[in-house]
Each structure stands twice: as C-alpha cells, then as structure tokens.
Amino acid sequence: MNRPQMNQTPNNRQPMNQAPMNQAPTNRSQTNRPHNGHDERSRLLYDIQSLNFAKVECALYLDTHPDCKSALDYFYDLCDNINEMTEKYEAEYGPLTHGGVQGDSWTWIEGPWPWQGGCGEKEV
Amino acid sequence: MWVYEKKLQYPVNIKTPNPKLAGVIISQLGGPDGEIGAAMRYLNQRYTMPSQVAIGTLTDIGSEELSHMEMVAAIIYQLTRNLTPDEIKAAGYDKYFVDHTTGVYPVAASGVPFNAMAITTKGDTVADLHEDMAAEQKARVTYDNILRLSDDPDVNDVIRFLRQREIVHYQRFGEVLRHTQEMLDQKNYYYFNPEFRAR
C-alpha cells in the first residue's frame, strides 16, 4: 500500500518552524531500527490490538451471557493467543504494560506513545 | 483499579492536519454525549447496581469508554499538529487556541467545557439503564453527524469504529435492562427500586 509515513510533510503544506517541538520525542529503539523494523512492529501490534478488541467484545457479550459455553471457549482461545503474541512483541519492541519491562533500563517511557504513531497500522 | 496498556483499541494514524475538523470532533471528548461523559456515567453508576450482570457490564463498558476517550484525544492531537497561526485562524480554531494552544482539553464543539450536568447517576436501575441506552444512541448520532462533516478517510475509518461500538453497547445495556426487569415485580417494574430497598 502507498500510505505515506506519519512523519512526512504532505506536499501541499509548508514545513513549520515549530515542527520539531510537535514531533514524538527521539527514542533509541526507533532511530536505531531499520526502516522495515517499524513496519513489522506496527503489523504485530495491529494483530495484538485486533485480538484484544475481540477479547473486549467477547467479554461484554459474556457479561450478559455468562452461561454461553462457546463464547467462553472463544474467550480462552483469545487469551492464549494474546499472551503468546504479547510476549513476542515485548521481547522485541518494548513493554505494553509495566509488567512487560525487560532488561536493565526502564524502557516503559520510551516512545512512540500510541497517539504519536506508536499504535498498530492496518496497512503498512 | 486500572492498568494502562500502551496501545489504542483501534489505530489512529491521521496524515493530514485539519483544525476545523478537530474543533468538531472534540465534542466526542468533552461534549454532552462524549466519551469522558460515557466513562464517568457508567463507572459511577455501577456501585449500587443490584446484579452482577449490571455491575460487570457497566464496569467493562465504562473501561472501554476510557480507551475511546484516548482515541478521540489522539484524533484531536493528530489533526492539530504542525499548524501555523495563519492556518489556525483560517480554520476558526483561534478561539480554542487562545486558551489551550494545541493542547487537548475536554470541551464541546461549542466551546463549553466538559460538564457533569450532561450525565447522571439517578440511583434507580431502570432509570439509569434507560439513561445509558439513550447515551449510546446520542453518541451514535454525534458520530453520524461527524461523518456528515468529514471527508478524511483516515478520520472516518476511526469514527466508524467508534460509532459501531455505540451500537454494541446499546445492545448490551438493553440486555442488562431485560435481565433487571426479570428480577423485578412482573406486574409493576416500579414497585420498588432494587438499588434502594427501604424498610
């Protein structure tokens, strides 16, 4: 897909003098990574977000249908998949919750934060 | 308690700034039918609810609304990045800008700050669940109106997702209402308030 990257300035706009202030803070994990590393991260995060959304939706359904066995089985399957993928993501790209911090520095505060482009992308 | 997860419930990746549109969408952050109101309404109503079904549903939908609050704020943030004062003036965003610059502050599109008068906890299960169902429908209409005003596909994709959630939540609250009515006096749902059983 030909989607421009978040940090590109669209052609019809002039670069703004305050632009650097508005950009995501520099972070080691992003700058040191090859370009396609971002794509893989975004794709994996998108998959995790998709499964987590399914989990939220399934939980809401179970709130009003607590005896639905097939929904409960689906819920457990989702949890297994999410745990597996989250473990893989956090080992490679950093924590999604405090509990996912690994190694000898506090990587929790490293960007990009979700609103800074650090959320998954559907088409990368 | 809550635990922050460093992701959005649905991705927000907007390429083209558009402060005029931001000034409209901000109503779903701090407006009368916005996501902050939704979260506050459900999370506060749940304490005195008379059934596990009602408490569980209000807890989970209320929590989901917090993630929608974050998504709407992400839309506002991304629509108002890298603006010049001229662009801000041309878009009519100057009235917001003068007080908040491009920070994210919960107001309605009219400029009225978030107001808890737009929500309620009545403390009566039937009344509160009707309030919740109406709230979901009102939020759905606001998203419909945003879709009428916006032609940015990046924005509309997210707005459609949020709009769908209103419909699902409406459905779940309807089920909670039916479940609650089954617990009540079948000849008169209003015979007593299950949240307040006076002796």
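A note on names: the letters A, B, ... follow the listed sequences, proteins ahead of strands, and every chain is numbered from 1. Basis for what follows: all heavy atoms, side chains included, without hydrogens, waters or symmetry-related copies.
Shown here is B/I167, whose CD1 atom has more than 12 heavy atoms of other residues, nucleotides or ligands within 6.0 Å. Heavy-atom neighbours of B/K138 NZ from other residues, nucleotides or ligands within 6.0 Å: above the threshold of 12. Around atom CD of B/Q181, more than 12 heavy atoms belonging to other residues, nucleotides or ligands sit under 6.0 Å away. Shown here is A/Q102, whose CD atom has more than 12 heavy atoms of other residues, nucleotides or ligands within 6.0 Å. Around atom OH of B/Y105, more than 12 heavy atoms belonging to other residues, nucleotides or ligands sit under 6.0 Å away.
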Side chain to side chain contact (heavy atoms under 4.5 Å, CB included) assessment of B/M71 paired with A/W115: CA-CA 8 Å; B/M71 284 172 61; A/W115 57 91; over 6 Å; no

Stepwise side chain to side chain contact (heavy atoms under 4.5 Å, CB included) check, B/Q78 with A/Q116: CA-CA 8 Å; B/Q78 293 182 11; A/Q116 296 170 334; over 6 Å; no

B/R172 and A/H65: CA distance, side-chain angles, deciding distance, side chain to side chain contact (heavy atoms under 4.5 Å, CB included) verdict: CA-CA 10 Å; B/R172 295 284 95 89; A/H65 303 78; 4.2 Å; yes

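Using a 4.5 Å cut-off between heavy atoms, A/Y46 touches chain B through its side chain atoms alone. Both the backbone and the side chain of B/V53 have a heavy atom closer than 4.5 Å to some heavy atom of chain A. Within the 4.5 angstrom heavy-atom criterion, only side-chain atoms of B/F161, from C-beta onward, approach chain A. For A/L60, the parts sitting under 4.5 Å from any heavy atom of chain B are the backbone and the side chain alike. Using a 4.5 Å cut-off between heavy atoms, B/E70 touches chain A through its side chain atoms alone. Only the side chain of B/R165 has a heavy atom closer than 4.5 Å to any heavy atom of chain A.
Under the 4.5 Å side-chain criterion, counting only non-hydrogen atoms from C-beta, A/T64 is not in contact with B/H179.
B/Y4 and A/W108 have perpendicular rings, their planes meeting at more than 60° on a 0 to 90° scale where under 30° would count as parallel.
Residues B/V168 and B/Y170 are members of separate hydrophobic clusters, defined by side-chain heavy-atom contacts under 4.5 angstrom among Ile, Leu, Val, Met, Phe, Trp and Tyr. No chain of hydrophobic side-chain contacts below 4.5 Å, direct or via other Ile, Leu, Val, Met, Phe, Trp or Tyr residues, connects A/Y61 to A/F75. A continuous path of Ile, Leu, Val, Met, Phe, Trp and Tyr side chains, each step under 4.5 Å between heavy atoms, connects B/V24 with B/M69, placing both in one hydrophobic cluster. Cluster annotation: B/V158 is connected to A/W113 through the hydrophobic network of ILVMFWY side chains, with a link wherever side-chain heavy atoms come within less than 4.5 Å. Using a 4.5 Å cut-off between side-chain heavy atoms of Ile, Leu, Val, Met, Phe, Trp and Tyr, with links allowed through other members, B/L149 and B/Y143 fall into the same hydrophobic cluster.
Summarising the geometry, atom NE2 belonging to A/H98 is positioned 8.5 Å from atom NZ belonging to B/K6; distances are rounded to the nearest 0.5 Å. Rounded to the nearest 0.5 Å, atoms OG1 (A/T97) and NZ (B/K7) are 9.5 Å apart.
Counting only distance, with no hydrogens or angles, the side chain of B/Q9 and the backbone of A/F53 share no donor-acceptor pair below 3.5 Å. Between the side chain of B/N13 and the backbone N or O of A/G120, at least one donor-acceptor pair lies under 3.5 Å.
Here the closest non-hydrogen pair linking B/L8 and A/Q49 is O-OE1, 3.0 Å.
By number of non-hydrogen pairs under 4.5 angstrom with chain B, the leading residue of A/V56, A/D63, A/I48 is A/D63.
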